Amino acid sequence: VLGNSQTTGLAHINGNWNITNDLEVGGQSVGLNIYPALSATMNLNSGGTVAVGGVLKLYSAGVINMNGGTLQLTSLQPESGIINFNAGTIKWTGSWNADYDQLQALLGTTPVLRQDQTVEVGGHTFLSSTLTLNGGTFRTETISNLNKLSIQSGLFELTNSSAGINTFQENSFGPQLVLGSGSAVR
């Protein structure tokens, strides 16, 4: 727990922090009750890695500032907390259901993956809300609802060697695939 109902939490991560269970930022759940913190901030800096083996629970008093480094997740439960994704990598160890709440917590109300921002998914991505790639990097083994991905610039990469563009159903990209200058699909 980073920050509970009695304290203010602050962590600067420049090295490796491996958490085998859940990480609660900005509050603490006890049974069915949630106790918000006064405030809790985690600064993840270049060269630092935070690996969460359980669920990252991000409560309303919680803020994660990504200033480089890697945030490795198995699951995200955004409870109105904020990730200021300035730079770095968010890495999903398995599949990811990219719904609006998660995309909003990671990338703001209009989810855009920008330069110096990388999202890597170690399994399948199910896009259930729109994501815009504008200068950033998005890697996934496979993907569903590809028509919800808007590629303006940056890199979209399918990392599963058996998943090619022709593996997708007709119109996976919408009526047509349009790539802006500086864009790539691998």
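Computed from a prediction, not measured in an experiment: that's the story for all the values here.
Residues L107 and R114 are not in side-chain contact: their nearest non-hydrogen atoms beyond the backbone lie 4.5 Å or more apart. Counting only heavy atoms from C-beta outward, the side chains of W96 and I90 never approach each other to under 4.5 Å. Contact check for W92 versus L76: side-chain heavy atoms found under the 4.5 Å cut-off.
The line from CG of N86 to CG of N43 is 9.5 Å long, rounded to the nearest 0.5 Å. E24 contributes atom CD, which lies 11.0 Å from atom CD1 of I19 (distance to the nearest 0.5 angstrom). Distance CG/L133 to CD/Q117: 10.0 Å, rounded to 0.5 Å. Taking CG of D101 as the start and CD of Q77 as the end, the distance is 10.5 Å to the nearest 0.5 Å. Note that CG of N67 and CG of L44 are 8.0 Å apart. Values are rounded to the nearest 0.5 Å. Of the inter-residue distances, the one linking L73 atom CG with K91 atom NZ reads 11.5 Å to the nearest 0.5 angstrom.
Smallest separation of non-hydrogen atoms from D22 and V55: OD1-N, 2.7 Å. The minimum heavy-atom distance linking A61 with G26 is given by the pair CB-O, 3.6 Å. Closest non-hydrogen pair, T109 versus Y100, comes out as O-OH, 3.1 Å. Residues L158 and F156 come closest through the heavy atom pair CD2-CZ, 3.7 Å.
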Worksheet entry | L71/L56 under side-chain contact (heavy atoms from CB on, under 4.5 Å): CA gap, chis, key distance, verdict | CA-CA 10 Å; L71 179 59; L56 172 59; 4.2 Å; yes
- prompt: Checking side-chain contact (heavy atoms from CB on, under 4.5 Å) for the pair L106/V119: CA distance, chi angles, key distance, verdict?
  reply: CA-CA 10 Å; L106 297 174; V119 171; 5.6 Å; no
Discussion item. Determine whether R139 and T118 satisfy the following criterion, side-chain contact (heavy atoms from CB on, under 4.5 Å), listing intermediate values before the conclusion.
Written reply: CA-CA 8 Å; R139 292 184 178 98; T118 298; 3.8 Å; yes
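With N65 contributing its side chain and N84 its backbone, the two residues share no donor-acceptor pair below 3.5 Å.
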Please table the atom pairs, donor to acceptor, closer than 3.5 Å between any side-chain atom in residues 122-131 and protein atoms at least two apart or in another chain.
{"unit_1": "H124", "atom_1": "ND1", "unit_2": "T142", "atom_2": "OG1", "d": "2.6"}
{"unit_1": "H124", "atom_1": "NE2", "unit_2": "S144", "atom_2": "OG", "d": "2.6"}
{"unit_1": "T125", "atom_1": "OG1", "unit_2": "T140", "atom_2": "OG1", "d": "2.7"}
{"unit_1": "S128", "atom_1": "OG", "unit_2": "A98", "atom_2": "O", "d": "3.3"}

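By the side chain to side chain contact (heavy atoms under 4.5 Å, CB included) test, A51 is found to be paired with N18, Q72, residues two or more places apart in sequence or in another chain being considered.
I82 is not connected to M66 by any chain of hydrophobic side-chain contacts under 4.5 Å among Ile, Leu, Val, Met, Phe, Trp and Tyr, and they are in different clusters.
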